[in-house]
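For reference, positions follow the sequence shown, starting with 1. In what follows, every heavy atom counts, from backbone to side chain, and hydrogens, waters and symmetry copies are set aside.
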Amino acid sequence: MSSRKVIELFFDVVSPYSWLAFEVMCRYRKVWNIELRLRPTFLGGVMQGSGNKPPGLVPNKFLYMGKDLNRLSEYFNVPLKPPADVPEAMFKKGSLNAMRFVTAVQEMEKSGDERVERVSRELWRRIWYEDRDITEPASLSEAAMKAGLSDSEIKKALELCNSQEVKEKLKSATEEALDYGAFGFPLVVCHLNGKPELFFGSDRFELLAHCIGEKWLGPLPDKSTAKL
């Protein structure tokens with residue numbers, strides 16, 4: 001078997017399209033010969049740094065996004081349901097605290113990224129299915145508890161959120177994404193032959209598979225994948 005290809009997934013839980021890419025890549029790391037690296041990043045910083053505008057600020061894009069997410073939810077088997085007030089959830093409240101929390105959880109990982117995966121999923125579920133807050137410490141704690149973290153782990157993660165170390169790590173990841181050429185999320189960076197290849201969005205998996213010499217088997221490579 002050839003050496004595993006390194007694939008980085010830059011994501012932010014405020015982005016519903018990132019959730020789709022996140023679930024697909026997590027499923028495929030058990031199917032493809034890849035090393036998946038989850039990269040929690042602050043989408044707001046990427047949008048500002050690249051000069052891009054969120055689709056929610058363009059009326060026609062906003063209307064399309066609602067219909068699009070409904071179709072994609074069924075296709076990808078991800079329980080997406082936009083919050084009642086999308087602009088408030090995405091732009092007024094934002095995700096800085098949530099992504100610092102995910103970064104703190106990643107900082108605590110001994111090996112692998114199992115906790116990062118579980119916590120990120122619970123935060124996505126809160127904002128993009130349950131229409132609940134992801135900014136307050138109590139909200140972050142509840143998501144982490146559902147993800148299986150202990151009380152002591154949650155307390156430590158909340159403390160790390162405010163540390164300069166975690167703030168700098170999230171800032172560094174955001175700058176790294178911009179250096180790659182990011183203008184939005186999800187961003188998949190595949191390292192091929194010593195150079196990075198970028199894939200933006202949640203509709204490039206077939207092309208990604210072609211580039212790395214793997215097969216795209218659809219959004220549910222394992223038909224027994226349980227509902228989230």
Taking only residues at least two apart or on different chains, which pairs with a member in residues 151-197 satisfy ring pair (Phe, Tyr, Trp, His ring centres under 6.0 Å)?
-> Phe10-Tyr180, Phe183-Phe200

By salt bridge (charged side-chain N to carboxylate O under 4.0 Å, His left out) - contacts of Asp203 (at least two apart) = none

Those residues that, when tested against Leu20, pass side chain to side chain contact (heavy atoms under 4.5 Å, CB included) (two or more places apart) = Tyr17, Leu72, Phe76, Val78, Leu80, Ser202

If you count the non-hydrogen atoms of other residues, nucleotides and ligands that lie under 6.0 Å from CZ in Arg204, is the total more than 12?
-> no

Other residues, nucleotides, ligands: >12 heavy atoms within 6.0 Å of Lys169 NZ = yes

For atom CD of Glu109, decide whether the heavy atoms of other residues, nucleotides or ligands shown that lie under 6.0 angstrom number more than 12.
-> yes

List for me each residue that meets side chain to side chain contact (heavy atoms under 4.5 Å, CB included) alongside Ala89, sequence neighbours excluded, and say none if there are none.
-> Pro83, Ile127

Can you find a heavy atom in the side chain of Leu208 that is under 4.5 Å from one in the side chain of Met25?
-> yes

Residues in side chain to side chain contact (heavy atoms under 4.5 Å, CB included) contact with Arg37, at least two apart in sequence or another chain | Val6, Glu8, Glu35

Side-chain contact test, heavy atoms from C-beta onward, threshold under 4.5 Å: evaluate it for Glu153 versus Arg115 and give yes or no.
-> yes

Glu136 meets the salt bridge (charged side-chain N to carboxylate O under 4.0 Å, His left out) criterion, sequence neighbours left out, with none

Output a table of donor-acceptor pairs, distance under 3.5 Å, between side-chain atoms of residues 90-100 and any protein atom two or more places apart or on a different chain; print 'none' if there are none.
from  : atom 1 : to     : atom 2 : distance (Å)
Ser95 : OG     : Asp12  : OD1    : 2.8
Ser95 : OG     : Asp12  : OD2    : 2.8
Asn97 : ND2    : Thr135 : O      : 3.1

Results of ring pair (Phe, Tyr, Trp, His ring centres under 6.0 Å) for Phe22 - residues two or more places apart only | Phe11, Trp124

Heavy-atom check, side chain of Leu207 versus side chain of Trp216, under 4.5 Å | no

Pairs involving residues 127-177, ordered by first then second residue, that meet ring pair (Phe, Tyr, Trp, His ring centres under 6.0 Å) (sequence neighbours left out) = none

Just wondering, do Glu197 and Ile7 contact through their side chains at under 4.5 Å, heavy atoms?
-> no

Members sharing Leu160's hydrophobic cluster (side chains within less than 4.5 Å) = Met108, Val166

For Lys171, does the NZ atom sit with more than 12 other heavy atoms under 6.0 Å from it, leaving out its own atoms?
-> no

By salt bridge (charged side-chain N to carboxylate O under 4.0 Å, His left out) - contacts of Lys30 (at least two apart) = none

So do the side chains of Asn77 and Pro219 get within less than 4.5 Å of each other, counting heavy atoms only?
-> no

Go through the structure and list residues passing side chain to side chain contact (heavy atoms under 4.5 Å, CB included) with Lys155, not counting sequence neighbours.
-> Glu159

Would you say Lys5 and Glu214 make side-chain contact, with heavy atoms under 4.5 Å?
-> no

Is the count of non-hydrogen atoms from other residues, nucleotides or ligands lying under 6.0 Å from Glu130 atom CD greater than 12?
-> yes

Do Glu206 and His210 come close enough that some side-chain heavy atom pair is under 4.5 Å?
-> no

What distance do Leu170 atom CG and Gln106 atom CD have between them, rounded to the nearest 0.5 Å?
-> 10.0 Å

